[in-house]
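I have placed the structure first, in the form of structure tokens, so that the comments after it can refer back to it.
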Amino acid sequence: MSDLQVFLPDESRRELAEGATAGDLAASVGARLAREAVAARVNGELLDLSVALRDGDHVAIVTGESDDGRDVIRHSTAHVMAQAVTRLWPGAHLAIGPSVRDGFYYDFALPGGAHFSDDDLERITTEMRSIIAEDQPFARVELSLEEGRELFALQPFKREILEALSTTPTDEDLAESGASVVTAYSNSESFVDLCRGPHVPSTARLGHFTLTRVAGAYWRGDERRPQLQRIYGTAWESAAALNSYLDQLAEAERRDHRRLGHEMDLFSFPSEVGPGLAVFHPRGGVMRRALEEHSRQRHERSGYEFVYSPHISRAELFETSGHLTWFPERMFPPMTLDEGQRYYLKPMNCPFHVLIYRSRPRSYRELPLRLFEFGSVYRFEMSGALQGLTRVRGMTQDDAHIFCTRAQMSEELARTLQFVLDLLRDFGLEDFYLELSTRPGAKAVGSDEEWSEAEAILARVARDAGLELVLDPGGGAFYGPKISVQARDAIGRTHQISTIQLDFQTPKNFDISYVSALNERECPIMIHRALFGSVERFLAILIEHYAGNLPTWLCPEQVRVLGVRDDHDDFAHAVAERLRQSGIRVTVEAANEPLGARIRRAKVEKIPYVVVVGDDDVAQDTLGVNARGSNDPQRGVPVGEFLDRVAREVASHSLPEAS
RNA sequence: GCCUGGGUAGCUCAGUCGGUAGAGCAACGCAUUCGUAAUGCGUAGGUCAGGAGUUCGAAUCUCCUCCCAGGCUCCA
């Protein structure tokens, strides 16, 4: 007898008995699906498999191999972790335990203010394994608010969540269900957790997880509220998926620019200088110079003019610009000089560029005026936020400020965006999307009309660029909205690189103007833009993108010449000199070790070309070429031919051809 | 800033119960002269991050400071 009809994603119908659940549906489709099912999407909503279906429902069975499925697995694993922690630390308070990208976490407050240590992860893991082995069902319970308050009387964070739900029923689902029903999941008689769900049907569906680290986290992310103990983990639908994720992590670690930067002798952070302050070594210096020089040339060709400004300034400048109002805590404390004058290290270049603009009257004929500077800025980042070259206290921005009229603004933005993308492509980044950050709630200055206009223009320019556009509501700076260019690197991570910001405010703060064609005094618009973000961070991204195997034009050492025996060393030096005269960065390593050992060293150092010269080469003016990434060296290549090849590659910014 | 973990030779790491500081690689020296990913022998290298304390004696135990790594609302 079948008195219930549901629709599958392919619109086919399925007859089921009255009272059938999503789990029953999965079973009716096939044993394999039933085995792999973790949840169901019913009429678009992600629900437990135990949900009773109604006539006419559209149902998609969710398996572990989907994003939805992994979310459910991770969320359920977090739940199991909470149960394990509760068993090991009776009286622990539970906060929240969501799934996050690639994993999950759960926040706890342990009795007596105890902390987790790394060793605890193993104990918790063991406890979790036994909970999973117990094959506990995740039983959904619906409660009234009052019942919820009673059930979680001893859980202050859960209570706070309940109170928040009762006073702000903003969530649509809750509004629909009357805002008075909350749900909990009970795994066993001894463990119940307030949770929206859905969950896998039973703990036995879990198991491919690893607890990764312990951390502190403030309740609700607010440093004025209690600090909780957080445990992060990752969980997947299969052992293979888990291992592949762990391999990815290992690959990211191999590419880490801090490790490579040290190994390749590019830069360091001497503790004598201070945290977050890097020094560049000669090899890193070569790389940096090549990058900056290329950027300079591109800017020159694109109509930018080059300016310079000092690293410190009187407080007045940053009072006018608003920096001291909006983020004084991010600036280094001032030094007070004679007569009580306060001087600050500059956190941004824009105020200086505005003063350059203001140094004399400007005509509309000069606009757009594009001022560029490799400007070093200093920001007092929280010590815990510092991270290699990507988050530092001293950095150099490839910063420019464009002053233009309102009428020019749209075209100038489009042009700037195109320029950004072209330049990034020169460095081998190809995969982009754009993010539009709009008005931040409280901190924004300026009128609503200005903001709407600016946001609309940016949105149009972004759309016209033909790239994927993601919205970041409220992510703009206090003075204007921005477009940021996000780039995906070789292992699929995304980095925010360039930003283009519109600013109506600073020109007003500094009261700058130009004389229009109608001989009237007008206020220009300012566009802030940094393409690399900071030179340091961009280098870090490139190092990781290429795993240290940089394109030849950026390599500190492009060619290393090795003589087979030491009586070939003179010829090796002669070859090197010819390459050097063509602008190639080349060294010679003398033949006092076996050739294989010297080749190995050069390979380990990621030199693009190892050149070997022996008897035949001396006789015929040729060389042997062993390119990076190749195990198949070429012999008898004419010196001139090799020289052209490297020169061509440098000019085209490409990687060595692994022939 | 706060939480957890860490800091031993240039690098990667060992160092037991508190009892004279260890290895491999790198560096340097000598020998070796070799055609595409590790030649042999030898030498040198240390305020065990820094400071204070406990102790007959501290890399090791205690406290303080510095630095590094991960984390600090992708919401029940």
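In what follows, chains carry the letters A, B, and so on, assigned in the order in which the sequence lines appear, proteins first and then strands, with residues in each chain numbered from 1. For the numbers below, each heavy atom of this structure counts, side chains included, while hydrogens, waters and symmetry mates do not.
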My understanding is that a pair needs two contacts under 3.5 Å, Watson-Crick or G-U wobble. By that rule, which nucleotide pairs with [N]?
N: G18(B); value: none
N: C48(B); value: none
N: C74(B); value: none
N: U32(B); value: none
N: G5(B); value: C68(B)
N: G57(B); value: none

Exercise. Does the ring center of His79(A) lie less than 6.0 Å from the ring center of Phe191(A)?
Worked result: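 Yes, close enough.
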Determine the interplanar angle of the [X] and [Y] rings, folded into 0 to 90°, and report it as parallel if under 30°, tilted if 30 to 60°, perpendicular if over 60°.
X: His199(A); Y: His75(A); value: tilted
X: Phe642(A); Y: Tyr609(A); value: perpendicular
X: Phe108(A); Y: Tyr106(A); value: parallel
X: Phe267(A); Y: Phe280(A); value: tilted

Nearest-Å distance once atom [atom1] is located in both [N] and [M]:
N: C25(B); M: U20(B); atom1: P; value: 26 Å
N: G22(B); M: U65(B); atom1: P; value: 33 Å
N: C64(B); M: G10(B); atom1: P; value: 29 Å
N: G29(B); M: C17(B); atom1: C1'; value: 42 Å
N: U54(B); M: C63(B); atom1: C1'; value: 11 Å
N: G50(B); M: G7(B); atom1: P; value: 13 Å
N: A58(B); M: U16(B); atom1: C1'; value: 16 Å

Which part of the nucleic acid, if any, lies within contact of [X], taking any heavy atom under 4.0 Å across all strands shown: a base, the sugar-phosphate backbone alone, or nothing?
X: Phe157(A); answer: nothing
X: Pro594(A); answer: base
X: Asp617(A); answer: base
X: Gly388(A); answer: sugar-phosphate
X: Gly624(A); answer: base
X: Leu194(A); answer: base
X: Asn592(A); answer: base
X: Asp616(A); answer: base
X: Ala591(A); answer: base

Problem set entry | Side-chain donor/acceptor of Asp615(A) to base of G35(B), under 3.5 Å |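 Per atom types, no contact qualifies.
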For this session: Spell out yes or no: do the side chain of Tyr218(A) and the base of G71(B) have one donor N/O and one acceptor N/O closer than 3.5 Å?
Result: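 It does not, because no donor-acceptor pair links the side chain of Tyr218(A) to the base of G71(B) below 3.5 Å.
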Problem set entry | Which nucleotide in U33(B), C2(B), U36(B) has an atom nearest any side-chain atom of Gln227(A) |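 Within the option list, the nearest is C2(B).
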Look at [X] and [N] and indicate whether a side-chain polar atom (N or O) is within less than 4.0 Å of OP1 or OP2.
X: Arg258(A); N: G70(B); value: yes
X: Arg230(A); N: G71(B); value: no
X: Ser117(A); N: U4(B); value: no
X: His115(A); N: U4(B); value: yes
X: Tyr105(A); N: U73(B); value: no
X: Arg196(A); N: A76(B); value: yes

For this session: Please say whether the positively charged group of Arg393(A), taken as NZ for Lys or CZ for Arg, lies over the ring of Tyr378(A), i.e. under 6.0 angstrom from the six-membered ring centre and within 45 degrees of the axis.
Result: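 So Arg393(A) doesn't make the cation-pi contact.
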Problem set entry | Glu251(A) and Arg255(A) ion-paired at < 4.0 Å |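 Salt bridge flag = yes for Arg255(A) with Glu251(A).
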